[in-house]
Amino acid sequence: VQLQASGGGLVRPGESLRLSCAASGRTSSTYSVGWFRQAPGKDREFVASISSWSRGSDSYADSVKGRFTISTDNDKNTAYLQMNGLRIEDTAVYSCAEGGIPHTLSDYRTPSWYDSWGRGTLVTVSS
């Protein structure tokens with residue numbers, strides 16, 4: 001599976017962005033998508049995840065819960081990350097990743113569990 005993330009940009013605090021993660025070469029309708037981010041000088045961190053087979057399976061990092069929403073559009077083979085109420089500390093390179101069926105819930109939050117990664121898109125929140 002090849003993934004391409006897009007939609008990043010420069011916004012002011014409180015504004016919104018929607019990131020997209022377009023997938024190609026997918027052969028299964030059973031998959032999980034995760035969004036991760038990495039700020040300068042920091043480790044990559046989990047942002048959100050969702051599974052294609054489970055309604056209501058979306059999960060979020062505490063830092064974005066209530067502000068970010070992950071979703072998928074299977075017809076378009078695209079996953080989205082709607083980011084509202086952006087904060088300066090949300091500035092990072094955001095990457096999407098795809099995996100299969102996890103063994104444990106913690107798999108969703110573990111970068112090494114995912115099989116495919118897209119090139120990241122930069123989100124800069126600045127006043």
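Residues: numbered from 1 along the sequence shown.
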Check: residues 12-27 side-chain donor-acceptor pairs under 3.5 Å, at least two apart:
{"unit_1": "E15", "atom_1": "OE1", "unit_2": "R12", "atom_2": "N", "d": "2.9"}
{"unit_1": "S16", "atom_1": "OG", "unit_2": "N84", "atom_2": "OD1", "d": "2.9"}
{"unit_1": "R26", "atom_1": "NE", "unit_2": "E98", "atom_2": "OE1", "d": "3.3"}
{"unit_1": "R26", "atom_1": "NE", "unit_2": "E98", "atom_2": "OE2", "d": "3.0"}
{"unit_1": "R26", "atom_1": "NH1", "unit_2": "Y31", "atom_2": "OH", "d": "3.4"}
{"unit_1": "R26", "atom_1": "NH1", "unit_2": "N77", "atom_2": "OD1", "d": "3.4"}
{"unit_1": "R26", "atom_1": "NH2", "unit_2": "E98", "atom_2": "OE1", "d": "2.6"}

* Are T124 and S126 linked by a side-chain donor-acceptor pair shorter than 3.5 Å? -> no
* **Minimum heavy-atom distance between C96 and A5, given as atom pair plus value** => SG-CB, 4.0 Å
* Asked: Same cluster or not: are V47 and Y80 linked, directly or through other Ile, Leu, Val, Met, Phe, Trp or Tyr residues, by side-chain heavy atoms under 4.5 angstrom apart?
  -> no
* Qualifying side-chain hydrogen bond (donor to acceptor under 3.5 Å, both in side chains) pairs with a residue from residues 39-50, counting only residues at least two apart or across chains -> R37-E45
* Asked: Hey, is the main chain of S57 close enough, under 3.5 Å, to the side chain of S51 for a donor-acceptor pair?
  -> no
* To do: Could you list the residues that satisfy salt bridge (Lys or Arg N to Asp or Glu O under 4.0 Å) with D62, not counting sequence neighbours?
  => K65
* State plainly whether one hydrophobic cluster holds both Y60 and V123, where clusters connect Ile, Leu, Val, Met, Phe, Trp and Tyr through side-chain heavy atoms under 4.5 angstrom apart. => yes
* **Under 3.5 Å: donor-acceptor pair, side chain of D107, backbone of H103** => yes
* Identify the two heavy atoms, one from T91 and one from V125, that lie closest to each other, and give their separation to 0.1 Å. => OG1-N, 2.9 Å
* If two hydrophobic side chains count as joined below 4.5 Å and joins carry through other members, does V93 share a cluster with L3? -> no
* Donor-acceptor side-chain pairing of S63 and R87 below 3.5 angstrom -> no
* Asked: Any chain of hydrophobic side-chain contacts (each under 4.5 Å) joining I101 to Y114?
  -> yes
* Asked: Between W113 and Y108, what is the ring plane arrangement, given parallel below 30°, perpendicular above 60°, and tilted in between?
  -> perpendicular
* Asked: Quick one: CE on M83 to CZ on R67, what's the gap to the nearest 0.5 Å?
  -> 9.5 Å
* To do: Would you confirm whether S32, through its side chain, and G100, through its main-chain N or O, come within 3.5 Å as a donor-acceptor pair?
  => yes
* Asked: Can you say whether the rings of Y94 and F68 are parallel (under 30°), tilted (30 to 60°) or perpendicular (over 60°)?
  -> tilted
* Structure fact -> For A79 and V33 the tightest heavy-atom approach is CB-CG1, 3.8 Å
* **Rounded distance [0.5 Å steps], CD1 in I50 versus CH2 in W35** => 12.5 Å
* To do: Indicate yes or no for a side-chain donor-acceptor contact from R109 to the backbone of F46 under 3.5 Å, with no hydrogens or angles considered.
  => no
